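First listed ligand is number 1; within each ligand, the first listed atom is number 1. Predicted model, so just to flag it, every value in this text is computed and none were measured.
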Amino acid sequence: MDSSKPAEAVKNVVKSASEKIADALSPDVPGAPGSGTPTVEEPTTPHDPLPPKPEQGAPQTRTPTGAETGAPTIANGQQGAYLTTSQGARLRDTDHSLKAGPRGPILMQDHHFREKITHFDHERIPERVVHARGAGAHGVFTAYGNAEAVTRAGFLKKGRETEVFVRFSTVLGSRGSADTVRDTRGFATKFYTDEGTFDLVANNMPVFFIQDAIKFPDIIHAAKPHPDREIPQAQSAHDTFWDFVSLHTEAQHHALWNMSDRGIPRSYRTMEGFGVHTFRLVNEAGETVLVKFHWKPKLGVHSLTWEEAQMLNGIDPDFHRRDLYDAIEAGAYPEWELGIQVFPDTPEETFAGIDLLDPTKIVPEELAEVQPIGKLVLNRTPTNFFAETEQVAFHLGHLPPGIDVTNDPLLQGRLFSYVDTQLTRLGGPNFSQIPINRPHAAVNDMLRDGFHQHAVHAGVAPYRPNSLDGGNPFPAGDAENAFVDVPVTVTQAPKVRANPASFDDHYSQVRLFWLSMSPVEKEHIIRAYTFELGKCYEQAIKERQLQCLANIDPVLCEQVATGLGLPAPQPTVPLADVTPSPALSQVGREWPADGRTVGIVVDPDGDLDGVAEVRQAVFDAGMVPLLIAPHGGMVGGMPVQRTFATGRSVEFDAVLLAGAPAPAPDAIPARDDKAGRPGPAAVDPRVLLLVEECWRHAKAIGAWGAGVTVLEQAGVAGTPGIVAAGSGAEALTAVQQLMAAHRVWERFPASVA
Ligand code: HEM
């Protein structure tokens with residue numbers, strides 16, 4: 001998969017969509033619900049199930065013990081043309097229960113009724129206790145080979161391709177909560193290696209709230225909705241969260257990451273991922289190094305603005321999952337490089353004075369470069385959300401030979417927690433046999449029976465040693481590539497409930513992060529704290545957190561205190577003298593805009609010159625154009641994707657104005673409150689609102705022809721990132737250049753340095 005593919009692939013999708021759909025209104029942008037073209041009349045000619053959509057994938061058809069079956073993945077689902085019971089008996093009718101006469105009671109013997117209702121009654125399973133809201137995708141990981149010197153893991157050997165499944169998630173919200181809340185994001189990857197599955201269960205932030213897993217229930221109880229009213233949903237802007245993190249100052253570093261733009265990603269595709277903990281790699285010679293894993297997105301790290309995030313929570317609560325699926329469907333395959341920071345495996349387990357076992361600390365990239373070791377491309381969306389995304393089970397103990405854990409006390413606790421929770425969530429101990437969890441390596445364990453056992457184990461001796469099964473299974477050694485438990489020396493020490501003294505520094509790296517931010521990122525952080533603490537009820541909690549901010553940085557503290565109307569306290573610890581890490585800032589560079597959405601406002605009664613060409617040029621650039629018009633249907637032979645009534649600025653990364661449409665017949669505030677603004681308007685008020693919102697959200701806006709007058713009417717003409725061009729092509733070129741930097745932050749000069 002090379003990076004030139006998305007543009008080509010977008011064209012292919014366009015082509016196949018227009019081939020497949022005869023209707024002149026054929027959608028040529030991502031999002032078609034099914035692979036067929038529905039007819040207005042109910043289809044009645046029996047035929048096999050429709051194939052999945054071209055961009056969909058499914059788990060390989062493996063046996064429960066990992067053998068390839070050779071069956072197509074579609075064999076995982078329903079088969080044949082006719083409706084059947086779960087036992088395959090064909091049915092004549094599923095709309096009427098079997099009754100004693102048309103007006104009589106339902107008969108107990110109606111097995112079809114009981115089977116259908118019973119199964120439905122049990123469709124829901126417990127949602128994950130954390131990370132309940134998520135979206136997944138299939139892909140492939142290709143190793144560069146440069147990690148071969150430090151690990152014996154086969155999937156990291158040069159050119160080796162490994163299938164993967166990735167699940168992105170928020171932490172706090174319930175399954176049905178919104179995507180764009182301020183929160184940490186999960187980034188969990190299952191590598192189906194032929195030496196056993198490797199799960200890299202990462203987040204989009206490199207540090208964690210706590211240093212010891214025993215406190216995980218505490219931080220989660222504090223961050224989840226209050227137990228009495230069960231509000232607020234999926235947010236940290238409430239008293240219990242700030243109560244905990246202000247009393248428990250090791251959480252301040254992660255809290256600052258959450259308050260930064262990292263807490264509101266633009267897309268899963270524009271997030272970094274971090275394994276957080278330090279892992280230990282071991283090579284063929286038995287030599288070890290310590291490493292931290294990083295995912296680096298090809299598109300760069302980008303975020304929403306806070307207002308955009310809040311609007312999206314209502315307007316499109318599925319924004320992130322839609323973006324992921326649409327990008328894959330359009331062929332703009334999300335890509336990351338996997339990288340490692342490598343440290344010598346010394347008895348102290350420190351690097352440059354930083355304790356590598358402390359999950360509240362990073363090692364700045366300027367001190368230890370992130371070395372890319374392979375590429376991940378997500379190229380298939382799941383065929384069935386429940387079967388794949390919901391039932392996937394990650395575990396940090398899923399390690400192939402060559403990768404081992406360290407004694408990080410958070411990591412150690414996680415090793416216990418995941419399998420424990422999955423026993424309940426997935427209804428028994430055999431969840432590794434669910435199709436999405438089946439390994440791609442031969443399984444010969446001695447685990448037997450239990451709920452939902454799919455394997456049919458032969459033999460009589462699931463124990464070792466045995467002679468009745470001829471001694472099978474046999475222990476493997478180095479020659480057979482057995483897992484390596486690195487024989488790390490455990491220093492003699494008293495049994496205690498305590499942390500190493502180095503864990504006591506709770507502020508120096510928080511300050512490092514703050515000082516590494518650009519001015520505009522600092523403004524966003526100040527805004528985030530002021531918002532979150534402003535939402536707290538108790539004054540004491542605000543004051544206590546202000547004290548923590550004073551210990552991070554006086555400017556940060558003063559600015560937030562001003563917003564809260566409280567005095568800024570003095571620091572109670574000496575402010576650390578730290579060297580900023582520019583790598584932590586996400587602005588100031590340029591990145592590809594693959595799969596981004598460009599809204600094009602057209603006026604059906606105006607000049608449509610250049611619109612078709614611009615639309616095609618957006619496709620050719622690997623992005624998705626959405627035509628916005630006063631009404632649905634067609635304009636100038638092109639399908640309209642959004643009307644002024646259905647569209648909203650937050651869907652678009654940039655907007656092009658090809659006309660100045662007069663108020664449409666439905667621009668009536670009584671019908672569409674977006675149309676409400678004082679006084680008469682020459683342009684539809686919803687177009688002006690679109691422009692104003694895009695401007696506020698620092699997005700690029702381009703216009704040509706009559707569209708230029710919209711810029712003037714919206715009062716944004718001549719400001720940074722507003723392009724009044726002579727033609728559509730010129731407008732698009734200029735807007736594309738602006739999009740490379742993600743936002744036009746120059747529009748809003750910062751007040752802090
Ligand atoms: C560095 C710290 C941590 C990271 C990066 C992390 C990451 C994740 C991710 C990405 C998921 C979602 C997995 C999925 O998509 O299915 C998850 C789920 C979960 N995490 Fe963590 N987590 C961390 C710390 C902890 C700790 C300390 C505990 C408990 C001691 C814990 C317990 C859980 C549980 C119970 C789930 C739900 C698992 C399931 O139901 O499948 N996590 N975590």
> Under the salt bridge (Lys or Arg N to Asp or Glu O under 4.0 Å) criterion, do R380 and E55 qualify, and how do the steps go?
Replying inline: CA-CA 5 Å; R380 287 282 171 271; E55 75 282 4; over 6 Å; no

> Tell me: protein heavy atom nearest atom 10 (C) of ligand 1, and distance?
Replying inline: A202 O, 3.3 Å

>> Judged on heavy-atom distance to atom 15 (O) of ligand 1, which of H395, R167, M205, H254 sits nearest?
In response: R167

> What is the nearest protein non-hydrogen atom to atom 27 (C) of ligand 1, stated with its residue, atom name and distance?
Replying inline: L410 CD1, 3.3 Å

>> So, using salt bridge (charged side-chain N to carboxylate O under 4.0 Å, His left out) as the criterion, who are the partners of R185 when residues are at least two apart?
In response: none

>> Please enumerate all residues that pass salt bridge (charged side-chain N to carboxylate O under 4.0 Å, His left out) together with R266, with sequence neighbours excluded.
In response: D323, D653

>> Among all protein heavy atoms in this structure, tell me which lies nearest to atom 38 (C) of ligand 1, with the distance rounded to 0.1 Å.
In response: T421 CG2, 3.7 Å

> Between L411 and ligand 1, which part of the residue brings a heavy atom under 4.0 Å of the ligand: side chain, backbone, both or neither?
Replying inline: neither

> Which residues and atoms, counting only protein N, O or S, are under 2.8 Å from atom 21 (Fe) of ligand 1?
Replying inline: Y418 OH

>> I need the nearest protein heavy-atom contact for atom 13 (C) of ligand 1: residue, atom name and distance, please.
In response: F394 CD1, 3.9 Å

>> Just to be sure I read this right, does ligand 1 sit under 4.0 Å from the backbone of P359, its side chain, both, or neither, counting only heavy atoms?
In response: neither

> Using 4.0 Å as the upper bound for N to carboxylate O, is an ion pair formed by R280 and D404?
Replying inline: no

> Do R544 and D243 meet the salt-bridge criterion of a basic N to acidic O distance under 4.0 Å?
Replying inline: yes

> What protein heavy atom sits nearest atom 41 (O) of ligand 1, and how far away is it?
Replying inline: R425 NH2, 2.8 Å

> Would you call R269-D594 a salt bridge at under 4.0 Å N-O?
Replying inline: no

> So, does G134 sit close enough to ligand 1 that a heavy atom of it is under 4.0 Å from the ligand?
Replying inline: no

> Where does the angle between the aromatic ring planes of F168 and F187 fall among parallel (under 30°), tilted (30 to 60°) and perpendicular (over 60°)?
Replying inline: perpendicular

>> Once side chain to side chain contact (heavy atoms under 4.5 Å, CB included) is applied, do any residues pair with N203, and if so which ones, sequence neighbours excluded?
In response: H131, T184, F208

